[in-house]
Amino acid sequence: MLNTRTDSVSELTVAEFLLEQLDVLGVDSVFGIPGGNISAFIQALREHPKIKFIIASHEGGAAFMADGYARSTGKLGVCLVTAGPGALNALTGVASAHRDQVPLLVVGGQVRTDLFGLRALQDSSDLGTNMTAMYSHVSGFSTGLSDPGSFPRILSQAINVATGPRPCAAYLSVPADIARMPVGDEKPTVVARRPGMELDPAEARRVLGALSQARRPLIFLGNGARQALRSDQSALREIVHTLGVPVVTSMRAKGVFPESDDLCLGVLGTAGSERAASYAAAGVDALLVIGSGLGEWATRSFDRDLAAVSSYFHVDLDPTVFGQFLRGGEHVQADAEVFLRGLRRELPGLGEVKRAPTLSPSSSRPTPVPLPRDSGMGVSPAAVMLALNDLLTGQDDLYIDMGNCTAWATHHLVIDPPTRVFYPCGLSSMGWSCGATVGGRIGDGNRVATALVGDGAFLMNGNEVRTAAKNRVGAIFIVLDDGYLGMVNHGEHAQNGGRFSLDDDFYGLGAVDLAQFSRALGADAYVVEKAEALRGTMGEARSAAARWSRPQVVVVKIDYRVSPPYGERFAAVAGDAR
């Protein structure tokens, strides 16, 4: 909750009050870039004993860092940017977090109130470059501060919205003069908590009955179930194994249920597993969806097999997701943890479940994939994923960027908790992992934070390696270097029947020495050109990151000819899917 002390609140400036409240919330890092119009906040951060100001290379990277910090810790991510171009530069990162329902607070600077409308440098009021209007389209809360005395109330509202049942981004524009003024005596309010109401027992029995009586039932887990399963999976595992119901996940929820479990079919969605797709294609007569908006990534571009399900229950705190893709069914507005606890409580009364096995022995576990041989044109991307599988210890956080690497990671990695995988699927922002990995590692230094990123995306935001080096952050960057903007290269090739060759230099990146680039930014860098060197080199990078608290960049020269397992996704983007 926000601090409710009143003895010294009136003596605090707006800038000081913000940091006091963030401290109470457990936030120990703020990400951004300095600027004249946020100098009051910078000075307060310099003097604060607990909260660090992490200065990024670019405001977009700072927003990605705050996003990664929030995902890693479960806390509020905070981004501090100056007026005008500072706030504009952060816009993509903020929109990305907002679309992925990551709780993010953005505090943007503003010129003094007496300069509004006078064509002052970086005027971001509604008489200049109207920043609150822009942010209103990429956040759940966007407003400007006009009175220091109202700041405690407005800050509370912003955090309530950002951390509420539907987490999102919130934006506050604070003029430079108001930031230095005392907040007065108004008391802050308590941050809203997630609903804790119990599930109706009759509802729980109805769901259990449908799953137990179905011939081909399926449980679909979305990222909304992540928090419920973060510390305790016992309720879900008991339900799954008592009923014998197969489990699939969305891409963003990959690994929230152990992918090595006999009843886990992996990701059902774009670039997902063949086992999940085959099971859905054979028909599902009872579907339970928990915490997924069933968007394009999750449904394999709105696949008809999933839409044909005859009976389903959709569980989510956000009622706006109901009925968008699947029609009919029953909608349960509930927290995933509360829902699973309610099902487990009614499970003993169900009796013995008798149903023929829905999974054959051959389909219940992933088929081991041999390490692909080198082609002479570079390492197979699948080999990178298989080598990474062997190194995961359970203390890993993987930040998967957008591009061909997204498909390879989704398709080939086998993730079991407490290993976690994070994707920026909502906006699909290239370069996201370069900042998110740094923020995630800063948030939880006990986790092994690894970015999996393509060379094109690394060229966009790889400058945040400097931020990691300056702050002694042992983050790891695995860069898949094929010399092309690979996703569009393969996508166009698939869409036009090979009219343009993959060798066409139109999407080529030129001869870029990414290892030397990384070393110039303060990282240790390695180049891998043979599959047999993958495990040793990545293992060495992991050890060095922990030992020296220095970023490690592993550049893997991959075979540009290997097409990612996107399947119908390329056709869907072209508008040719039927």
Heavy-atom check, side chain of [X] versus side chain of [Y], under 4.5 Å:
X      : Y      : answer
Pro167 : Val102 : no
Met251 : Cys425 : yes
Val512 : Phe517 : no
His412 : Leu388 : no
Tyr566 : Met487 : yes
Ser139 : Cys168 : no
Trp408 : Leu452 : no

Is it the case that the side chain of Asn461 and the backbone of Gly431 share a donor-acceptor pair, with hydrogens and angles ignored and the cut-off at 3.5 Å? yes

Interatomic spacing from [atom1] in [X] to [atom2] in [Y] - rounded to 0.5 Å:
X      : Y      : atom1 : atom2 : result
Asp455 : Leu485 : CG    : CG    : 7.5 Å
Phe151 : Leu172 : CZ    : CG    : 6.0 Å
Ser518 : Asp513 : OG    : CG    : 8.5 Å
Ile415 : Leu392 : CD1   : CG    : 5.0 Å
Lys254 : Arg252 : NZ    : CZ    : 15.0 Å

Would you indicate whether Lys52, at its atom NZ, is surrounded by more than 12 heavy atoms from other residues, nucleotides or ligands within a distance under 6.0 Å? yes

Considering residues, nucleotides and ligands other than Arg99, do more than 12 of their heavy atoms fall under 6.0 Å from its CZ? no

With sequence neighbours excluded, what pairs up with Asp481 under the salt bridge (charged side-chain N to carboxylate O under 4.0 Å, His left out) test? Lys557

Which pairs would a plain distance check flag for residues 84-96, meaning a side-chain donor or acceptor within less than 3.5 Å of a matching protein atom at least two apart in sequence or in another chain?
unit_1 : atom_1 : unit_2 : atom_2 : d
Asn89  : ND2    : Glu59  : OE1    : 2.9
Asn89  : ND2    : Pro85  : O      : 3.3
Ser96  : OG     : Ser429 : OG     : 3.4

When the ring planes of Tyr399 and Phe422 are compared, do they come out parallel, tilted or perpendicular, using 30° and 60° as the limits? tilted

Between Arg71, Arg226, Arg166, which is the residue that forms a salt bridge (Lys or Arg N to Asp or Glu O under 4.0 Å) with Asp100? Arg71

Less than 4.0 angstrom from a charged side-chain N to a carboxylate O is my criterion; do Arg542 and Asp396 meet it? yes

Test side chain to side chain contact (heavy atoms under 4.5 Å, CB included), reference His314, set Val332, Ile290, Leu294, output is Leu294

